[in-house]
Amino acid sequence: MSSDSVILLETVNFAAEKHRNQRRKDAEQTPYITHPIGVARILSHEGGITDIEVLQAALLHDTVEDTDTSIGELQIVFGQTVARLVQEVTDDKALSKEETKRKQVEYAPHASHQAKLVKLADKLYNLRDINRSTPTGWSTERVQEYFVWAAQVVRGLRGTNPALERQLEELFKQRGVEL
Ligand SMILES: Nc1nc2c(ncn2[C@@H]2O[C@H](COP(=O)(O)OP(=O)(O)O)[C@@H](OP(=O)(O)OP(=O)(O)O)[C@H]2O)c(=O)[nH]1
Ligand SMILES: [Mn+2]
């Protein structure tokens, strides 16, 4: 087996252990790990990304935000680059929900190319997931607001990956949201 495959298995296993008690907000309470795996898969399968550190960052992207994982731990286990990429896509938990959303819009154009790739795939997965199954308790208005906000973030990520951006553009168009 190639060393990249071994590294990816280590990474997906780490993420699965960390997210083991978490579920998605859909009616089926899907295990959370389907999301980071799906984000990495969008990058490789649809985005043509082979950069192992980007794929690892995608697998780990919600571990610091949503589990007991620290950036320091990621640095020790997976190295500086992967840890920095996860840091770049992690929301500051000290901020309010509104402030967090505003920060994502503000930071998007300043993110590194590798972090922008992870953000694009994260948004693409989540928007498709909303279309597949509305998160528990979300009204039609909340869904539309999420699309409008996501478009503001994606605007700052443009010029990064044409294939992923085309897919996102189509989803926004279906909701009448201008990118
Ligand atoms: N569409 C969808 N999203 C779900 C589901 N379960 C959990 N989520 C997560 O919820 C987040 C989107 O909902 P928000 O209302 O914005 O976030 P919040 O509840 O954490 O404040 C995403 O976080 P994120 O990945 O960190 O991305 P981002 O929205 O912060 O960019 C997404 O992964 C689900 O069943 N469907
Ligand atoms: Mn995510």
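Note that ligands are numbered from 1 as they come in the structure, with each ligand's atoms numbered from 1 the same way. Keep in mind that this is a model prediction, so the values were computed, not measured.
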Using a strict cut-off of under 4.0 Å between a residue heavy atom and any atom of ligand 1, list the qualifying protein residues by chain and number. Arg24, Lys25, Asp26, Tyr32, His35, Asp62, Glu65, Asp91, Lys97, Lys101, Gln104, Asp122, Lys123, Asn126, Asp129, Ile130, Pro135, Trp138, Arg142, Tyr146, Trp149
On the ring face of Tyr32, is Arg23 found with NZ or CZ under 6.0 Å from the centre and within 45° of the axis? no
Looking only at atom types and distance, does a side-chain atom of Gln144 sit under 3.5 Å from a main-chain N or O of Arg175, one as donor and one as acceptor? yes
Metal environment of the Mn ion (ligand 2), protein N/O/S under 2.8 Å: His35 NE2, His61 NE2, Asp62 OD2, Asp122 OD1
Do Leu59 and Leu8 have side chains that approach each other closer than 4.5 Å (heavy atoms only, starting at C-beta)? yes
Contact between His19 and His35 at the side-chain level, heavy atoms closer than 4.5 Å - yes or no? no
For a quick test of your reading: what N or O donor-acceptor pairs under 3.5 Å do the side chains of residues 146-161 make, sequence neighbours left out?
from   : atom 1 : to     : atom 2 : distance (Å)
Trp149 : NE1    : Lys101 : O      : 3.0
Arg155 : NH2    : Glu178 : O      : 3.0
Arg158 : NE     : Arg155 : O      : 3.4
Thr160 : OG1    : Leu157 : O      : 2.5
Asn161 : OD1    : Ala163 : N      : 3.3
Asn161 : OD1    : Leu164 : N      : 3.0
Asn161 : ND2    : Gly47  : O      : 3.1

Could you list all the salt bridge (Lys or Arg N to Asp or Glu O under 4.0 Å) pairs where at least one residue sits in residues 114-123, not counting sequence neighbours? none
When hydrophobic residues are tied together by side-chain contacts of less than 4.5 Å, even through go-betweens, does Leu124 share a cluster with Val105? yes
I'd like to know whether CD of Glu28 has more than 12 heavy-atom contacts from other residues, nucleotides or ligands below 6.0 angstrom. yes
Do Glu88 and Gln114 come within less than 4.5 Å of each other through their side chains, counting heavy atoms only? no
